[in-house]
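Just below is one structure, and these are the notes that go with it.
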Amino acid sequence: MNYRHIYHAGNFADVMKHALLLRLLAAMQRKAKPFLVLDTHAGIGRYDVTSVEAEKTGEWREGVGKILANPPPALAEYVQTVQRLGLYPGSPVFAAEALRPEDRLVASELHPADAATLRRTMRPYAHASVHERDGYEALNAFLPPPEKRALVLIDPPFERIDEFSALAKTLAAAWKKFPSAVFVIWYPIKHRAPVRAFFEALKLAGIKDVIAAEFLRRPDTDTARLNGAGLGLINPPYGFEQEAAPILQACVEAFGEAGASAAIERIINE
Ligand SMILES: C[S@@+](CC[C@H](N)C(=O)[O-])C[C@H]1O[C@@H](n2cnc3c(N)ncnc32)[C@H](O)[C@@H]1O
């Protein structure tokens, strides 16, 4: 486990993921019934972008750093949340801050040091619990939840070369256990083939109602680079596509290079 999110926190892919996550949390809260957020690869929850590690890559300067002073309207809610929370928030902090007292957050993080840091970060949030365990295992352990509603964020580091296929396999099992959850899967776009194969595997598993929301910073031709990022969603909340479109477009305008694009595509029908 070499991946540490501190080197990447607040980069363009985090901006896109976290801005969309805020919309998903709001969508879940349109219903009064409580729900579980299961964050399978949670990270440390707060990131100091002035740290040596973050400054080493400087990725945040090309991401959230670019829009802090003058955010595009579609990213204003996200930027305000970041500014209100101080240190750059990770997904469990965005979620815990948004949740109502009746909602619940379960966060799993496998890296022992990061899990310990996350546990300290999440201490103020009474409705959050942190588990030092494998995120794929957590899917099996915590689904279906007693609340009967769940938003499941799966955000692996993609260090393993078989991450896409491990993801598809585990997701198929989790979906069988709890098919009504809103599953949100972050994925990197270096080139198209692995993404296509991943969605094909979901189709073969019989999973329904899948969309992909993607932002390409540049055309995905140089396969050695992170050219863009996507969120795959199973059971996207009603109206999500309309809310996501201006956020993705704002990413194109703020972070895009020549040939940048955004797309929301239906992959599997309901
Ligand atoms: C991309 S980062 C997560 C970022 C976080 N979701 C956010 O948006 O703020 C991936 C995290 O997964 C952790 N990780 C790696 N393998 C894992 C596994 N098998 N189960 C759970 N966590 C894992 C890494 O230590 C890292 O902190």
Side-chain angles (χ1 to χ4, degrees), residues 1-25 37-49 51 53-54 57 59-60 63-64 78 81-82 85-98 105-122 125 128-143 151-171 173-174 183-190 213 215 226 228-233 247 251:
M1 289 182 70
N2 293 317
Y3 182 95
R4 313 306 294 274
H5 196 62
I6 182 69
Y7 291 98
H8 312 289
N11 69 3
F12 79 90
D14 256 15
V15 174
M16 173 201 161
K17 172 181 61 185
H18 293 148
L20 294 176
L21 176 63
L22 287 178
R23 292 289 81 225
L24 288 164
L25 289 160
V37 175
L38 175 56
D39 189 344
T40 60
H41 296 68
I44 61 173
R46 276 189 200 280
Y47 300 87
D48 180 359
V49 293
S51 63
E53 294 91 335
T57 65
E59 288 187 17
W60 74 274
V64 67
Y78 157 78
T81 309
V82 170
L85 296 177
L87 290 181
Y88 187 78
S91 51
V93 167
F94 277 109
E97 283 283 332
L105 168 71
V106 169
S108 63
E109 167 57 53
L110 189 60
H111 193 290
D114 286 0
T117 307
L118 181 62
R119 194 161 281 133
R120 281 195 300 279
T121 307
M122 301 312 287
Y125 302 103
S129 63
V130 173
H131 301 261
E132 184 187 322
R133 75 189 292 179
D134 175 66
Y136 294 139
E137 219 183 88
L139 282 170
N140 186 43
F142 295 105
L143 297 181
L151 175 66
V152 181
L153 175 64
I154 308 175
D155 183 16
F158 285 84
E159 278 184 313
R160 298 166 53 171
I161 50 167
D162 68 339
E163 194 84 69
F164 271 116
S165 59
L167 192 50
K169 206 168 144 207
T170 320
L171 205 45
F183 291 96
V184 182
I185 305 103
W186 182 90
Y187 56 87
I189 307 175
K190 292 185 171 173
F215 162 51
L226 182 66
L231 287 187
L233 289 105
I247 292 176
C251 289

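Both ligands and their constituent atoms are indexed starting at 1 by order of listing. Small disclaimer: the values here were computed from a predicted structure and weren't measured.
Atom 2 (S) of ligand 1 has its closest protein heavy atom at Tyr3 CE2, 3.5 Å. Distance from atom 16 (N) of ligand 1 to its nearest protein heavy atom, with residue and atom name: Met1 CE, 3.8 Å. Annotation: atom 3 (C) of ligand 1 to nearest protein heavy atom, His41 O, 3.1 Å.
Considering Leu233, Leu38, Leu143 as possible partners of Phe183, the one that fulfils the side chain to side chain contact (heavy atoms under 4.5 Å, CB included) test is Leu143. With His41 as reference, Tyr136 is the one residue of Tyr3, Trp186, Tyr136 to meet the ring pair (Phe, Tyr, Trp, His ring centres under 6.0 Å) rule. The side chain to side chain contact (heavy atoms under 4.5 Å, CB included) test with Ser91 is passed by exactly one of Thr40, Leu153, Leu105: Leu153.
Considering backbone and side-chain N/O of Leu110, one or more are found under 3.5 Å from N/O of ligand 1. In terms of N/O distances under 3.5 Å, ligand 1 is approached by Glu109. Not one N or O of Asp14 is nearer than 3.5 Å to an N or O of ligand 1, by distance alone.
Heavy atoms only, all atoms of each residue included: Ala54 and Asp48 are closest at CB-O, 3.8 Å. Taking every heavy atom of both residues into account, Met16 and Gly230 meet most closely at CE-CA, 3.9 Å. Looking at every heavy atom in both residues, Met122 comes nearest to Ala128 through CE-CB, 4.0 Å. What you find for Gly10 and Val15 is that their closest heavy atoms are O-CG2, 4.0 Å.
For ligand 1, the atoms lying closer than 4.0 Å to a non-hydrogen atom of His18 are 7 (C), 8 (O), 9 (O). Listed by number with element, the atoms of ligand 1 under 4.0 angstrom from any heavy atom of His111 are 25 (O). Close contacts of ligand 1 with Arg133, meaning ligand atoms under 4.0 Å from a residue heavy atom, involve 20 (N), 21 (C). Heavy-atom contacts of Ser91 reach the following atoms of ligand 1: 5 (C), 6 (N), 7 (C), 8 (O), 9 (O) (cutoff under 4.0 Å). Counting the atoms of ligand 1 from 1 in the order shown, those under 4.0 Å from a heavy atom of Gly135 are 18 (C), 20 (N), 21 (C). Using a 4.0 Å cut-off to heavy atoms of Asp134, the atoms of ligand 1 that qualify are 18 (C), 19 (N), 20 (N). For ligand 1 and Gly90, the ligand atoms under 4.0 Å from any heavy atom of the residue are 9 (O). For ligand 1, the atoms closer than 4.0 angstrom to any heavy atom of Gly43 are 27 (O).
With Glu159 contributing its side chain and Asn2 its backbone, the two residues share a donor-acceptor pair below 3.5 Å. No donor-acceptor distance shorter than 3.5 angstrom exists from the side chain of Glu53 to the backbone of Tyr7, with no hydrogens or angles considered. Using modelled atom types, no side-chain atom of Arg46 and backbone atom of Gly86 make a donor-acceptor pair closer than 3.5 Å.
Note: Tyr47 and Tyr88 have tilted aromatic rings, judged against thresholds of 30 and 60 degrees for the angle between ring planes.
Ligand 1 does not have Ile44 within reach: every non-hydrogen atom of the residue lies 4.0 Å or more from it. No heavy atom of His8 sits closer than 4.0 Å to any atom of ligand 1.
When the heavy-atom distances from atom 10 (C) of ligand 1 to Asp155, Asn2, Leu153, Leu21 are ranked, the shortest goes to Asp155.
By the criterion of a heavy-atom distance under 4.0 Å, neither the backbone nor the side chain of Arg4 is placed next to ligand 1. Heavy atoms of His5 found under 4.0 angstrom from ligand 1 belong exclusively to the side chain. Residue contacts with ligand 1 for Ala42 involve N, CA, C or O but no side-chain atom from C-beta outward (heavy atoms, distance under 4.0 Å).
Side chains of His5 and Asp114: no donor on one and acceptor on the other come within 3.5 Å.
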